[in-house]
Amino acid sequence: MKKLRIATFNINGIRARLPNLLEWLEREKPDIACLQELKAADKDFPAAELESVGYGAIWHGQASWNGVAILARDAQPLESRRGLPGGDDDSHSRYLEAAVHGVLVGCLYLPNGNPQPGPKFDYKLAWFERLIQYAQGLQASDHPVVLAGDYNVVPTDMDIYNPRSWLKDALLQPESRACYQRLLDQGWTDSLRHLYPDERIYTFWDYFRQHWQKNSGLRIDHLLLNPVASAYLSEAGVDAWVRNQPHPSDHAPTWIRLASRKRR
DNA sequence: ATGGCCTAGTAACTAGGA
């Protein structure tokens with residue numbers, strides 16, 4: 001496998017954020033980028049603009065909300081799945097999967113689940129159950145698999161500046177955390193936490209109360225690796241400078257590097 | 001305990017986000 005930089009970025013509106021997205025792609029040059037919250041219908045996806053900076057793409061759009069895409073530098077992702085299994089009555093565009101650059105990449109946007117308790121939280125947990133069931137097969141694949149996206153889960157209290165004002169939030173509920181842990185227990189590696197077991201790392205800073213300026217963040221964007229992929233994990237990080245740009249998304253791109261030099 | 005901010009959609013507001 002050649003060296004690969006794989007990123008996930010909740011873009012919070014791809015049309016409103018297109019200049020930010022293009023600048024980030026040109027500066028960081030990820031080989032693969034998973035995007036969430038396109039908030040755009042399929043016909044409004046800016047495929048030509050992405051093509052002009054060297055990225056092929058597939059996308060699963062939706063007007064107003066949700067929407068996911070997979071971008072590939074100098075390549076065209078080969079779509080392998082659109083939507084999780086068992087979602088016949090699920091109209092949300094939240095999962096897209098492709099083979100690209102020798103890796104199978106699942107791009108996911110897990111439901112937020114607020115307010116909880118309530119039907120939205122029930123939907124979050126039901127969606128999570130479908131993901132857990134489907135991920136079991138991916139985990140066991142002989143090929144490298146990356147499950148990247150906005151999981152809308154703060155895994156532990158170490159992944160948030162201060163849990164106090166978020167205790168009732170769906171992102172911190174024991175049920176949400178238990179689902180995430182069950183996913184890890186299948187044999188997935190949480191890339192950033194694996195490489196930085198003791199560090200405060202955030203990927204999201206809400207727009208309120210100057211949380212970015214105060215670095216009051218949450219770690220909710222995750223890149224999970226199956227055992228084949230985790231053998232290649234060499235670096236990980238957050239492109240926090242993107243959060244500091246004018247008119248930013250409330251998330252920052254989060255990335256890993258896979259390279260053959262650190263085989264275990 | 002609430003709202004603070006932001007995007008999209010339809011036309012001064014609402015819904016949804018996290």
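Every chain is numbered from 1, with letters handed out A, B, ... down the list of sequences.
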### Message
List the residues meeting side chain to side chain contact (heavy atoms under 4.5 Å, CB included) with A:A170, not counting sequence neighbours, and say none if there are none.
### Response
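Per chain and number, A:A170 pairs via side chain to side chain contact (heavy atoms under 4.5 Å, CB included) with A:N114, A:Q116, A:F121, A:K124.
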When the distance from [atom1] of [X] to [atom2] of [N] is rounded to whole Å, what number comes out?
{"X": "A:Y207", "N": "B:dC5", "atom1": "OH", "atom2": "C1'", "result": "8 Å"}
{"X": "A:L171", "N": "B:dG16", "atom1": "CG", "atom2": "C1'", "result": "14 Å"}
{"X": "A:W166", "N": "B:dG4", "atom1": "CH2", "atom2": "C1'", "result": "12 Å"}
{"X": "A:D150", "N": "B:dG16", "atom1": "CG", "atom2": "P", "result": "17 Å"}
{"X": "A:Q210", "N": "B:dG3", "atom1": "CD", "atom2": "C1'", "result": "15 Å"}
{"X": "A:H92", "N": "B:dG17", "atom1": "NE2", "atom2": "P", "result": "8 Å"}
{"X": "A:I11", "N": "B:dC6", "atom1": "CD1", "atom2": "C1'", "result": "14 Å"}
{"X": "A:K168", "N": "B:dT2", "atom1": "NZ", "atom2": "C1'", "result": "12 Å"}

Which whole number of Å gives the distance between the [atom1] atom of [N] and that of [M]?
{"N": "B:dA15", "M": "B:dA1", "atom1": "P", "value": "23 Å"}
{"N": "B:dG16", "M": "B:dG3", "atom1": "C1'", "value": "16 Å"}
{"N": "B:dT7", "M": "B:dT2", "atom1": "C1'", "value": "22 Å"}
{"N": "B:dC6", "M": "B:dT10", "atom1": "P", "value": "23 Å"}

### Query
Think A:R27 forms a cation-pi with A:W241, using NZ or CZ under 6.0 Å from the six-ring centre and within 45 degrees of its axis?
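Checked: cation-pi criterion met.
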### Query
Reckon A:Y151 touches a base, only the sugar-phosphate, or nothing at all at heavy-atom distances under 4.0 Å?
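A:Y151: no heavy atom of the nucleic acid under 4.0 Å.
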### Task
Remember a base hit wins even if backbone is also touched, and classify A:N152 as base, sugar-phosphate or nothing at under 4.0 Å, heavy atoms.
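Contact class for A:N152: sugar-phosphate only.
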### Query
Who are the ring-ring contact (aromatic ring centres under 6.0 Å, His included) partners of A:Y151, not counting sequence neighbours?
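Checked A:Y151 against ring-ring contact (aromatic ring centres under 6.0 Å, His included); matches are A:Y180, A:H222.
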#### Entry: A:W255: ring-ring contact (aromatic ring centres under 6.0 Å, His included) partners, not counting sequence neighbours
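A:W255 satisfies ring-ring contact (aromatic ring centres under 6.0 Å, His included) with no other residue.
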### Query
Are the charged groups of A:R82 and A:E79 less than 4.0 angstrom apart, N to O?
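A salt bridge links A:R82 with A:E79.
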### Query
Salt-bridged, A:D44 to A:K39, with N to O below 4.0 Å?
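No salt bridge links A:D44 with A:K39.
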### side chain to side chain contact (heavy atoms under 4.5 Å, CB included) between A:H60 and A:Y109, intermediate numbers included
CA-CA 11 Å; A:H60 188 196; A:Y109 175 46; over 6 Å; no
### Task
Between protein and nucleotides 8-14 of chain B, map the contacts as a letter string: B base, S sugar-phosphate only, - none, heavy atoms under 4.0 Å, written 5' to 3'.
SS-----
### Task
Report the C-alpha separation of A:Q136 and A:Y134 in whole Å, then their side-chain angles, then the decisive distance to 0.1 Å, and conclude whether the side chain to side chain donor-acceptor pair (under 3.5 Å) test is met.
CA-CA 5 Å; A:Q136 184 72 63; A:Y134 176 64; over 6 Å; no
### Partners meeting salt bridge (charged side-chain N to carboxylate O under 4.0 Å, His left out) with A:R257 (sequence neighbours left out)
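Listed in chain order: A:E235.
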### Task
Fit a plane to each ring of A:Y161 and A:H211, take the angle between them on a 0 to 90° scale, and name the class: parallel (under 30°), tilted (30 to 60°) or perpendicular (over 60°).
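Correct class here is tilted.
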### Query
Under a 4.0 Å heavy-atom cut-off, which of residues 213-221 of chain A touch DNA chain B?
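Nucleic-acid contacts, sorted: A:I220.
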### Task
Select from A:N66 and A:F208 the residue whose nearest nucleotide in DNA chain B is closer to the 5' end of that strand.
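Result: A:F208.
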### Query
For A:R209 and A:F204, take the nucleotide of DNA chain B holding the closest heavy atom to each; which residue's nucleotide lies nearer the 5' end?
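The residue mapped nearer the 5' terminus is A:R209.
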